Enquirer: 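What follows is a structure written as structure tokens; I'll ask about it next.
We use all heavy atoms of the structure for the numbers below, so side chains are in, but hydrogens, waters and symmetry mates are not. What you are looking at is a predicted structure, and each value in this text was computed from that prediction instead of being measured.
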Amino acid sequence: MITPQAHLENVNQSRDKILAALAGLKPKIAIILGSGLGGLADKIEQPVTVAYRELPGFPVLTVAGHVGALLAGKLNGVPVIVLKGRKHFYETDDAYPLKTMIRAVHAAGVETLFLSNAAGSLRPHIKVSELMLITDHINFLGLNPLTGPNDDTFGPRFFPVSDAWDKTLCAKVRATAQSEGITLHEGVYVAFRGPSFETPAEIRMVQGWGADAVGMSSVPDCLIARHCGLKVVGVSCITNMGAGLSDEKLSHAHTLENASRGAAAFERLVMSAMKVL
Ligand code: HPA
């Protein structure tokens with residue numbers, strides 16, 4: 001595991017490379033694109049692309065559908081950083097690559113992190129290829145990315161997450177969906193560690209806990225972001241019903257295929273929300 005000092009150096013070096021890529025642009029928002037939602041990156045005007053491998057401490061990606069690149073440019077005329085690809089905790093125990101990515105964009109001046117993911121629905125009214133605004137989460141990963149020594153440079157040892165998903169930003173995304181005529185459900189996202197999908201019994205359990213969608217990402221990102229003072233907002237693209245809630249057979253290929261079906265609405269929502277977030 002990397003030392004805290006080496007991590008700080010990675011964050012600072014990556015921040016400088018991001019600032020160079022931004023060439024004077026001052027984005028308030030960074031967007032992490034989830035599985036199958038990478039198409040939004042093609043909508044960036046005059047993008048400057050930096051491969052994650054050029055950014056010290058950034059994740060080296062291994063999953064199909066996750067290309068590791070940071071893009072700097074404008075979306076719908078608004079300066080933005082888009083992070084295409086992230087590392088999941090079914091791939092590694094090491095939270096540092098994700099910490100470096102999020103802390104470096106924060107150090108580069110970003111104030112808000114927009115998270116997106118592919119998720120399974122836990123509710124019959126939330127249908128495949130529809131979108132869900134994340135209003136809260138349940139961390140069922142069995143880990144928290146902020147365990148271990150705390151570096152006070154980034155944030156405090158203990159911090160509240162009662163306001164993890166920003167209410168004001170939620171209201172803005174909700175209003176955007178309404179004005180665009182996009183169906184946007186709302187609910188609680190529960191993160192499992194994966195890589196196996198859930199059993200039907202696990203799905204019934206988390207339904208009882210009050211979760212509305214299930215996935216394997218975004219919760220660590222949210223925690224790291226809130227720790228360093230970033231505001232967080234996020235949307236799930238529903239790619240399947242949770243295990244046991246339909247006859248479909250779950251697979252990563254199925255996730256990617258159905259994410260692409262919801263991607264058009266997702267892209268429209270994010271593009272339009274850029275003007276108000
Ligand atoms: N479970 C966990 N992760 C997922 C799912 C699911 O049903 N769908 C997409 N990502």
Enquirer: Using 4.0 Å as the upper bound for N to carboxylate O, is an ion pair formed by Glu180 and Arg268?
Expert: yes
Enquirer: Given side chains that start at C-beta, do those of Leu33 and Phe266 come closer than 4.5 Å, heavy atoms only?
Expert: yes
Enquirer: Where is the tightest heavy-atom contact between Tyr90 and Gly194, given as atom of each residue plus distance?
Expert: CB-C, 3.8 Å
Enquirer: On a heavy-atom basis, which atom in Asn117 and which in Ser218 lie closest, and how many Å separate them?
Expert: ND2-OG, 2.9 Å
Enquirer: Judged by atom type as modelled, is there a donor-acceptor pair below 3.5 Å linking the side chain of Ser116 to the main-chain atoms of Val235?
Expert: no
Enquirer: Please give me the minimum heavy-atom distance between Met216 and Pro195, naming the atom from each residue.
Expert: CE-O, 3.7 Å
Enquirer: Are Arg226 and Asp163 ion-paired here, with the side-chain N under 4.0 Å from a carboxylate O?
Expert: yes
Enquirer: Would a 4.5 Å heavy-atom cut-off, applied to side chains only, mark Thr112 and Leu169 as touching?
Expert: yes
Enquirer: Do Val206 and Ile138 come within less than 4.5 Å of each other through their side chains, counting heavy atoms only?
Expert: no
Enquirer: With side chain to side chain contact (heavy atoms under 4.5 Å, CB included) as the test, would you mind laying out the steps for Trp165 and Thr135 before giving the verdict?
Expert: CA-CA 6 Å; Trp165 301 82; Thr135 54; 5.7 Å; no
Enquirer: Under 6.0 Å from the CZ atom of Arg193, do we count more than 12 heavy atoms belonging to anything else shown?
Expert: yes
Enquirer: Using a 4.5 Å cut-off on heavy atoms from C-beta on, say whether the side chain of Val233 contacts that of Asp166.
Expert: no
Enquirer: Is Glu198 close to Met205 at the side-chain level, that is, under 4.5 Å between some pair of heavy atoms?
Expert: no
Enquirer: So how far is it from Glu130 CD to Leu184 CG, rounded to the nearest 0.5 Å?
Expert: 10.0 Å
Enquirer: Heavy atoms, side chains only, cut-off 4.5 Å: are Val190 and Asp212 in contact?
Expert: no
Enquirer: Check Ala69 against Thr49 and note the closest heavy-atom contact, atom names and distance.
Expert: CB-CG2, 4.0 Å
Enquirer: Please lay out, stage by stage, how Phe114 and Val80 fare under the test side chain to side chain contact (heavy atoms under 4.5 Å, CB included).
Expert: CA-CA 11 Å; Phe114 193 123; Val80 72; over 6 Å; no
Enquirer: For the backbone of Leu143 and the side chain of Asn139, can you confirm whether one donor and one acceptor N or O come within less than 3.5 Å of each other?
Expert: yes
Enquirer: Quiz question: by atom type and distance under 3.5 Å, do the side chains of Glu248 and Ser246 form a donor-acceptor pair?
Expert: yes
Enquirer: Report yes or no: does Thr92 contribute a side-chain atom to a donor-acceptor pair with the main-chain N or O of Phe89 at less than 3.5 Å?
Expert: no
Enquirer: Before accepting this row, confirm whether a basic side-chain N of the pair Lys43/Glu267 lies closer than 4.0 Å to the acidic partner's carboxylate O.
Expert: yes
Enquirer: Could you check whether Asn10 and Thr100, counting side-chain N and O atoms only, form a donor-acceptor pair closer than 3.5 Å?
Expert: no
Enquirer: Nearest 0.5 angstrom please: Ile32 CD1 to Leu83 CG, how far?
Expert: 5.5 Å
Enquirer: For Lys231 and Glu111, run salt bridge (charged side-chain N to carboxylate O under 4.0 Å, His left out): C-alpha distance rounded to whole Å, both residues' side-chain angles, the deciding distance at 0.1 Å, then the answer.
Expert: CA-CA 6 Å; Lys231 288 183 278 184; Glu111 296 166 13; 5.1 Å; no
Enquirer: Rounded to the nearest 0.5 Å, what separation is found between the CD atom of Gln13 and the CG atom of Leu8?
Expert: 10.0 Å
Enquirer: Working note: Gln46 + Lys74, criterion side chain to side chain contact (heavy atoms under 4.5 Å, CB included); need CA distance, chi angles, decisive distance, verdict.
Expert: CA-CA 7 Å; Gln46 298 172 342; Lys74 289 187 181 178; over 6 Å; no
Enquirer: Under 3.5 Å, is there a donor-acceptor pair linking the side chains of Glu9 and Gln5?
Expert: yes
Enquirer: Over all heavy atoms of both residues, which pair between Ala108 and Leu19 is shortest? Give the atoms and the distance, please.
Expert: O-CD2, 3.7 Å
Enquirer: If you group Ile, Leu, Val, Met, Phe, Trp and Tyr by side-chain heavy-atom gaps below 4.5 Å, do Leu245 and Val128 land in one group?
Expert: yes
Enquirer: State whether the side chain of Ser236 and the backbone N or O of Ile238 hold a donor-acceptor pair below 3.5 Å, judged by distance alone.
Expert: no
Enquirer: Examine distances only and state if a side-chain atom of Ser121 and a backbone atom of Ile126 form a donor-acceptor pair shorter than 3.5 Å.
Expert: yes
Enquirer: Is the distance from the ring center of Phe158 to that of His227 below 6.0 Å?
Expert: no
Enquirer: Is there a donor-acceptor pair closer than 3.5 Å between any side-chain N or O of Ser14 and the backbone N or O of Pro56?
Expert: yes
Enquirer: Are Val105 and Ile18 close enough, and set up right, to give a side chain to side chain contact (heavy atoms under 4.5 Å, CB included), and what steps lead you there?
Expert: CA-CA 8 Å; Val105 295; Ile18 294 167; 4.2 Å; yes
Enquirer: Taking only Lys NZ, Arg NE, NH1 and NH2, and the carboxylate oxygens of Asp or Glu, determine whether Asp151 and Arg157 approach each other closer than 4.0 Å.
Expert: no
Enquirer: Is the shortest side-chain heavy-atom distance between Val214 and Phe140 below 4.5 Å?
Expert: no
Enquirer: Check whether any side-chain N or O of Lys84 sits under 3.5 Å from a backbone N or O of Leu71 as a donor-acceptor pair, and report yes or no.
Expert: no
Enquirer: Just how far is it from atom CZ of Arg86 to atom CD of Glu91, taken to the nearest 0.5 Å?
Expert: 8.5 Å
Enquirer: Heavy atoms, side chains only, cut-off 4.5 Å: are Leu75 and Met271 in contact?
Expert: yes
Enquirer: Could you grab the distance from atom CG of Leu269 to atom CD1 of Ile182, nearest 0.5 Å is fine?
Expert: 5.0 Å
Enquirer: Would you compute the distance between atom NZ of Lys172 and atom CG of Leu133 and round it to the nearest 0.5 angstrom?
Expert: 13.5 Å
Enquirer: With distance as the sole criterion, is a donor-acceptor pair present between the side chains of Arg103 and His7 under 3.5 Å?
Expert: yes
Enquirer: Is the distance between the ring centroids of Tyr189 and His137 less than 6.0 Å?
Expert: no
Enquirer: At their closest point, which heavy atom of Ala21 faces which heavy atom of Ala72, and how far apart are they?
Expert: O-CB, 4.1 Å
